[in-house]
Number of protein chains: 2
Amino acid sequence: MSYVEVSYLGQVSHGGTILGMKSAVSTPTQLVTLIETEAWPIGTRLRAQTLADRLRVSRTPVNEALQLLEEKGVVRRERNRGYFLAKATADIPVALLGELRQSEDDTIAAIYFRIAEDRLQGLLPDTFSEAFLRTRYRLTPGQLNAILSRIALEGWAERKPGYGWSFSSMLTTPDSLLKSYRLRLALEPAALLEPGYRLDRQVLARCRAAEQHLLDGGIETDSADQLHDRGVHFHESLVEASGNAFFIDAIRRVNRVRRLLSYRSMRDRKRYGEHCHQHLELLRLLEQEKNLEAATAMREHLGSTICNLERISELLQATLATTAATAHPAQRKKRKLP
Amino acid sequence: MSYVEVSYLGQVSHGGTILGMKSAVSTPTQLVTLIETEAWPIGTRLRAQTLADRLRVSRTPVNEALQLLEEKGVVRRERNRGYFLAKATADIPVALLGELRQSEDDTIAAIYFRIAEDRLQGLLPDTFSEAFLRTRYRLTPGQLNAILSRIALEGWAERKPGYGWSFSSMLTTPDSLLKSYRLRLALEPAALLEPGYRLDRQVLARCRAAEQHLLDGGIETDSADQLHDRGVHFHESLVEASGNAFFIDAIRRVNRVRRLLSYRSMRDRKRYGEHCHQHLELLRLLEQEKNLEAATAMREHLGSTICNLERISELLQATLATTAATAHPAQRKKRKLP
DNA sequence: TTTTGCATATTGAATACATAAAATGCAATA
DNA sequence: TATTGCATTTTATGTATTCAATATGCAAAA
């Protein structure tokens, strides 16, 4: 193999690594998502600074996004007065959303998930070099670094002292998902008992509305991704109300990894209705500041999921036992191979 | 201000950012630390591959380190047979250790700590640009990036969607340390109750030896850093035995931030003796696989520290109240400043 | 058979420059 | 007086190249 490698757009790249990853999602996409999830009415005035503050960027990318959305007919511009919402939530064409999501960042996310998937399936060695990833997934140096930074942040691989990287055991064992739930079982009820716990009324209302949406048919109509996100959002909102940055950080981290694991677990929608009612009950208890009872309810809520996972895990292992011998790719020895 | 800035070695730098941070500590330092902490006897054969595996690098840096140590007289070389330990642990001159620690990496660590300290003292704004840090601390692009990567990994600052960074609340509030303990209180007892918990006999023995060393005078003679590290090591060892990567990751992360906070808290050595006995009791319980009792003991152990912290916190706040008006730097408004 | 010693191959960081993207100041306008 | 619209400034990434640090293959020695 030569030193010089041709990367996926045909440029020749030699090395050189950059931090990368400005934002996970492009501004237009985020803007549409915001309008969508908060169901803004037609005619709403869209102030640049307000939106910019909301998305944590400056007015420039917001204005560019608005300009784009005007071309697509989602917003209307009045010269020297600004932009106004021209379409109701539901009327935004799905094709447009899809179009907006095809940005470079989403490419990076896609490759990121592919790497996680490959790792879960045992297709990647325990240690690897950056060059290995670059060639295997046809990455530019920038993409490579965006991905590695993200993986390091999520904690499922880490830089070795010398050259190279090694995976942590987060994604290796078949019961990783179960283990992530056990961490949540330790953390989330405790978060509800933090001194100074305070669930903002607005946050509470939004959470309640989301659960109601699910019960009103959302369970069937939402995509698997949306269902997952809503679940994560609910639990993170509750932990955020603890006001303890360490709890929040730990929960966010485990949830980001959990996203990778959830895709592999059986995700039937049967239990979601039950979950909704448990969530609503939790909100009710927290509203009344019955945090002790809420913590117990949370323990039971997570506990029931764990029980379910354990049953699934047993089933899986029984299934694997019959196919393991042939299906599993051979583990390669680290040293001394011809 | 001109576009071009002169960095601290006099080179002109324009931007360009690199991931950086190969290893936290240089190989010679690590090697000496290893020999020191495990108290290897004189004459011990130092096999390159064994050491390399231990330090997670290849034989090359190990061999270079050994060569360096031979020049310093710590190890002895026999041609075609390898290296052997020439000096007993205690006989390694302190000056040599200091010499080895003056590597570039330690510079980065020093600046990293300075930034954390400045942040804790409220000298840094909630959001900042990379250029701001680069000029304020006279950093080369490489150093800048090593530091930012580390900070992002530790979780006390994060990249904003656009340009710029913002600090999380981990280091801002005066009771951050207390909050970190509350997370540990939720995590560590739970870790001891994980199914499949298994504390390796060798690890147990090493922990016990370390506590014994402290009781045998180590509390007085060890440096504050060493005391801190030993405490962290004890608790992380116990959590690692849970076999749950999520618990381990969460505890490691909180401890890395805690290192920054501990420097600011009063650290008298009075309570260390008490801690040692609690630690030994924990080890005894875990050895007998009385994990339920161990979890309770852990809860009490951490709980007593929290009580102590709360008392200190009250004292501090009382003190601050009298000096706050003048001592606190004025919070600057984000926008619209001349 | 294992380990050393050394030459060679590979890795990824440092540097410099060019450029796209985002932040910001301010006059014009509602 | 707040907001828009736009020009300008600032920020940080992309690309190409060089080079020091690290990894590794293999003959020689124990």
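Per chain, numbering begins at 1; letters A, B, ... match sequence-line order.
- Dashed line: the shortest gap from a side-chain N or O of A:Ser58 to OP1 or OP2 of C:dA23 is under 4.0 Å.
- If A:Glu78 and B:Asn80 are placed on DNA chain D by their nearest nucleotide, the residue sitting closer to the 5' end is A:Glu78.
- Separating the CD atom of A:Gln49 from the P atom of D:dG5 is a distance of 14 Å, rounded to the nearest angstrom.
- Projected onto DNA chain D by closest heavy-atom contact, B:Gly164 and B:Arg81 fall at different nucleotides, the more 5' of which corresponds to B:Gly164.
- A:Ala52 comes within contact range of no nucleotide atom at all, as no heavy-atom separation falls under 4.0 Å.
- Computed from coordinates, the A:Glu130 CD to C:dA14 P distance equals 12 Å when rounded to whole Å.
- Counting atom types as modelled, B:Tyr163 pairs no side-chain N or O with a base atom of D:dA12 as donor and acceptor under 3.5 Å.
- Nearest heavy atoms, A:Ala52 versus A:Val62: CA-CG2, 3.7 Å.
- Side chains of A:Glu71 and A:Gln67: a donor-acceptor N/O pair is absent below 3.5 angstrom, by distance only.
- Projected onto DNA chain C by closest heavy-atom contact, A:Pro61 and A:Ser129 fall at different nucleotides, the more 5' of which corresponds to A:Ser129.
- Considering only residues two or more places apart in sequence or on other chains, B:Glu154 meets the salt bridge (charged side-chain N to carboxylate O under 4.0 Å, His left out) condition with B:Arg150, B:Arg256.
- Looking at heavy atoms from C-beta onward, A:Arg45 lies in side-chain contact with A:Arg81 at the 4.5 angstrom threshold.
- Distance A:Arg134 CZ to C:dT11 P: 8 Å, rounded to the nearest Å.
- Partners of A:Glu38 under the side-chain hydrogen bond (donor to acceptor under 3.5 Å, both in side chains) rule, at least two apart in sequence or in another chain, are A:Trp40, A:Arg54.
- Looking at residues two or more places apart in sequence or on another chain, you find no side-chain hydrogen bond (donor to acceptor under 3.5 Å, both in side chains) involving B:Arg47.
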Atom pairs, protein N/O to nucleotides 6-8 of chain C N/O, distance under 3.5 Å:
| unit_1 | atom_1 | unit_2 | atom_2 | d |
| --- | --- | --- | --- | --- |
| C:dC6 | OP1 | B:Arg79 | NH2 | 2.9 |
| C:dC6 | N4 | B:Arg59 | NH2 | 3.3 |

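- One interatomic measurement links the two molecules: CD of B:Glu70 to C1' of C:dT4, which rounds to 14 Å at whole-angstrom precision.
- When the P atom of C:dA23 is taken as reference, atom CZ of B:Phe128 falls 14 Å away, rounded to whole Å.
- The CG-P distance, from A:Leu133 to C:dT11, rounds to 12 Å in whole Å.
- Ring orientation note: the planes of B:Phe128 and B:Trp165 are close to parallel, at an angle under 30° on the 30°/60° scale.
- When distances are taken from the side chain of B:Glu64 to each of C:dT11, D:dT13, D:dT22, the shortest belongs to D:dT22.
- A salt bridge links A:Arg56 with B:Glu158: the closest approach of a Lys/Arg side-chain nitrogen to an acidic carboxylate oxygen falls below 4.0 angstrom.
- Here the C1' atom of nucleotide D:dA21 and the CG atom of B:Leu68 are 15 Å apart, to the nearest Å.
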Dot-bracket notation for DNA chain D is requested: 5' to 3', Watson-Crick or G-U wobble pairs only, both distances under 3.5 Å, with ( ), [ ], | and . as defined.
-> ||||||||||||||||||||||||||||||
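- For B:Arg59, the salt bridge (charged side-chain N to carboxylate O under 4.0 Å, His left out) criterion is met by no residue, not counting sequence neighbours.
- Considering only heavy atoms from C-beta on, A:Leu34 stays 4.5 Å or farther from A:Gln30 through its side chain.
- What separates CG of A:Leu148 from C1' of C:dG12 is a distance of 11 Å, to the nearest Å.
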